[in-house]
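Take a look at the structure set out below.
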Number of protein chains: 2
Amino acid sequence: MTAEGELPEDVALLWGLRSGGRRGRKPALTVEDITRAAVRLADAESLAAVSMARVASELGNSTMALYRHVRSKDELLLLMSDAALEEPPTESAPGEWREQLIRWAHDVLTMIRRHPWYRDIPISGPPAGPRNLAWLDRALAALAETALAEEEKLAVVMGLLPLVHGQARLSLDLSAGYAADPESFGEGYARSLARLVDPLRFPALSRVIAAGVFGSGGPPGVDGGGTDRTGPFDELDAEFQFALTCYLEGVAGFIARRAAG
Amino acid sequence: MTAEGELPEDVALLWGLRSGGRRGRKPALTVEDITRAAVRLADAESLAAVSMARVASELGNSTMALYRHVRSKDELLLLMSDAALEEPPTESAPGEWREQLIRWAHDVLTMIRRHPWYRDIPISGPPAGPRNLAWLDRALAALAETALAEEEKLAVVMGLLPLVHGQARLSLDLSAGYAADPESFGEGYARSLARLVDPLRFPALSRVIAAGVFGSGGPPGVDGGGTDRTGPFDELDAEFQFALTCYLEGVAGFIARRAAG
DNA sequence: CGAAACAGCGTAGGACATACACTGAAAGTG
DNA sequence: CACTTTCAGTGTATGTCCTACGCTGTTTCG
């Protein structure tokens, strides 16, 4: 498609622009096939289940066949990280910038929750994959009508990103922990804390414990840790909602100041 | 110390309350030794370098000796995650709640940066380790004088946490990526983007690119990816500062409303 | 002095990523 | 059609990892 000029290897791979000669045996595998199989595996089990051998056998090929299409497992992970992001909705979202960003953050969050392994893939560089950039674009588009400079729009989005990712990671880790050992949450957890936390050493914390905050509302609502996780994350979602609202209120103040001065 | 009653295994381990008989051969290794050695290894190289074999040989023992003190590698990781957190400063911080929380967030951030592997350890449950709770206590203490209910104080802190952790992860991942391949940042990155990003498909994004935002201020300032990373993280720190300010401004509004109503 | 309890060690099994040399198929060239 | 080049997929081997299991030798209690 576009000339492949001098693009970095990784970027070319992400955009499907690996040159590829036209002589020799016809490939039976494509990069897309491999990525899809890996994503399916990760969705069904976990990122740990994604080994080159498993992916290859899932495709009915030998392990080493994959290395013709992918330089290393890290490259495969890179591909997976872009494939996990589904195409963002194209119709422009309704509402002013704040509602749009809230919507965006929730979309990202539920998307990550559909692919819980996403959080375990290390980010090795700035966003470069097509889907990743599509989501970035959508967030920036929400701020298009505001009085912010382009650089400031980016800063707002880049501030939002860790909030969403951090929230996703926290809630998913806790869900996984809860699924693995429900005993360490709720009641039992509260009792352990009460026993261990010395009111002299941890005054503020023990006041919170004494208020019984930890007792009832245990961990996030989890449907069982299965493959498709659309269940209620009410408790933590409320926290996320709160944090998001606070952040955006701060941004609103910033925008108002920009518009005025 | 405190009776070990019915504490969960993990919690007992974290608080150093593993029973341990007094008969038999004297232990040459303690859990603390093992944890310290593992942390030292992770600091010096990476979390991937922390294998049971490496840790054991670092201590001049055989691999399997460690399993007398630790049930699995996951338990060791759990111990490491609490050990990475240094004891928070005990003198109560000056200033009102907002300054204190900013200070707290920066302390946490620099602490994580001193132990970059911290972000790779999966969180398997609610905070239970002594140091972890100490930091939680300090954050809650900052809000002690405010008009918030105990539950709301916790919500404010729990909202702050993903922000800090997400920021830490993002900035460290990017630093690592930059150290591994500086070409994919700055100039080259901007040029790749300009070539790949179709203004029709990504209108908002290409406006940002056209504004030259990506060109100059590339990645975080990194001193080389070595062991001790106290170098300037200026670029991303500014972004973090911005996000933090926005969040806390929202919290301030919330507190004001609580105090009024 | 037994006997029980306990720390550390050696081995072995199963999993992993991947380097390397190989086989055989497709496409171009004469 | 024959021959060569280029490339896809395979098999083997190396070095790493975690950890289950059984053993040896030491310490302390009855």
Side-chain angles (χ1 to χ4, degrees), chain A residues 4 9 12-13 16-35 37-38 41-42 44-80 117 120-122 124 180, chain B residues 9-10 13 16-35 37-38 41-42 45-80 117 120-122 124 180:
Chain A
E4 63 268 20
E9 287 298 328
L13 180 66
L17 304 174
R18 213 67 136 189
S19 44
R22 57 198 33 54
R23 214 128 80 159
R25 185 169 155 185
K26 281 260 170 70
L29 248 45
T30 67
V31 178
E32 285 76 21
D33 289 336
I34 296 173
T35 309
L41 245 172
E45 305 188 26
S46 75
L47 195 62
V50 177
S51 72
M52 298 307 261
R54 280 295 304 274
V55 173
S57 89
E58 209 82 4
L59 291 165
N61 282 59
S62 86
T63 307
M64 296 312 290
L66 305 189
Y67 284 94
R68 286 281 158 201
H69 304 269
V70 152
R71 263 198 238 295
S72 68
K73 192 182 181 181
D74 279 342
E75 276 200 354
L76 178 55
L77 292 180
L78 186 64
L79 286 167
M80 289 175 71
W117 45 269
D120 296 324
I121 298 186
S124 54
Chain B
E9 286 299 328
D10 297 350
L13 179 65
L17 302 174
R18 212 69 137 188
S19 43
R22 50 196 43 56
R23 216 129 77 161
R25 184 168 157 185
K26 280 262 171 69
L29 250 42
T30 67
V31 178
E32 285 75 22
D33 289 335
I34 295 173
T35 310
L41 245 172
E45 305 187 26
S46 74
L47 195 63
V50 177
S51 71
M52 299 306 261
R54 281 292 304 273
V55 173
S57 89
E58 210 82 3
L59 291 164
N61 281 60
S62 84
T63 307
M64 297 311 291
L66 304 189
Y67 284 93
R68 287 281 159 200
H69 303 270
V70 152
R71 263 197 238 294
S72 67
K73 192 183 181 181
D74 280 342
E75 275 201 357
L76 177 56
L77 291 179
L78 186 65
L79 286 167
M80 288 176 71
W117 45 268
D120 296 325
I121 299 185
S124 54

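The sequence lines fix the lettering, A, B, ..., with proteins before strands; numbering per chain opens at 1.
- What separates CD1 of B/Ile34 from C1' of C/dG8 is a distance of 11 Å, to the nearest Å.
- Expressed to the nearest 0.5 Å, how far CG of B/Leu13 lies from OG1 of B/Thr35 amounts to 7.5 Å.
- When distances run from any side-chain atom of A/Ser72 to the nucleotides D/dG9, C/dG8, C/dT18, the shortest one goes to C/dT18.
- Closest heavy-atom contact between A/Trp117 and A/Met80: CH2-O, 3.6 Å.
- Here the C1' atom of nucleotide D/dT19 and the CG atom of B/Leu77 are 15 Å apart, to the nearest Å.
- A sub-4.0 Å separation between OP1 or OP2 of C/dC16 and a side-chain N or O of A/Ser51 is present.
- Per the geometry, OH belonging to B/Tyr67 stands 19 Å off C1' belonging to D/dC23, to the nearest Å.
- The residue among A/Arg54 and B/Ala65 whose nearest nucleotide of DNA chain C is located toward the 5' end is B/Ala65.
- If you measure from atom CZ of A/Arg23 to atom P of C/dG24, you get 21 Å, rounded to the nearest angstrom.
- Rounded to whole Å, atom P of C/dA5 lies 14 Å from atom CZ of B/Arg22.
- The distance from atom CG of B/Leu66 to atom CG of B/Leu59, rounded to the nearest 0.5 Å, is 7.0 Å.
- Between B/Met64 atom CE and D/dA20 atom C1' the separation is 7 Å, expressed in whole Å.
- Checked against D/dT19, D/dG22, C/dA19, the side chain of B/Arg68 finds its nearest nucleotide in D/dG22.
- Checking the phosphate oxygens (OP1, OP2) of C/dA27, a side-chain nitrogen or oxygen of A/Lys26 falls inside 4.0 Å.
- When rounded to the nearest whole Å, the span between CG of B/Asp74 and C1' of D/dT19 equals 12 Å.
- The heavy-atom pair separating B/Ile121 from B/Leu77 by the smallest distance is CD1-O, 3.6 Å.
- Between B/Val55 and B/Ala37, the shortest heavy-atom distance links the atoms CG1-CB, 4.2 Å.
- Distance A/Arg25 CZ to C/dC22 C1': 13 Å, rounded to the nearest Å.
- Judged by closest nucleotide on DNA chain D, A/Pro27 is the one of B/Gly24 and A/Pro27 placed further toward the 5' end.
- Closest to the side chain of B/Lys73, out of D/dT19, D/dG9, C/dT18, is D/dT19.
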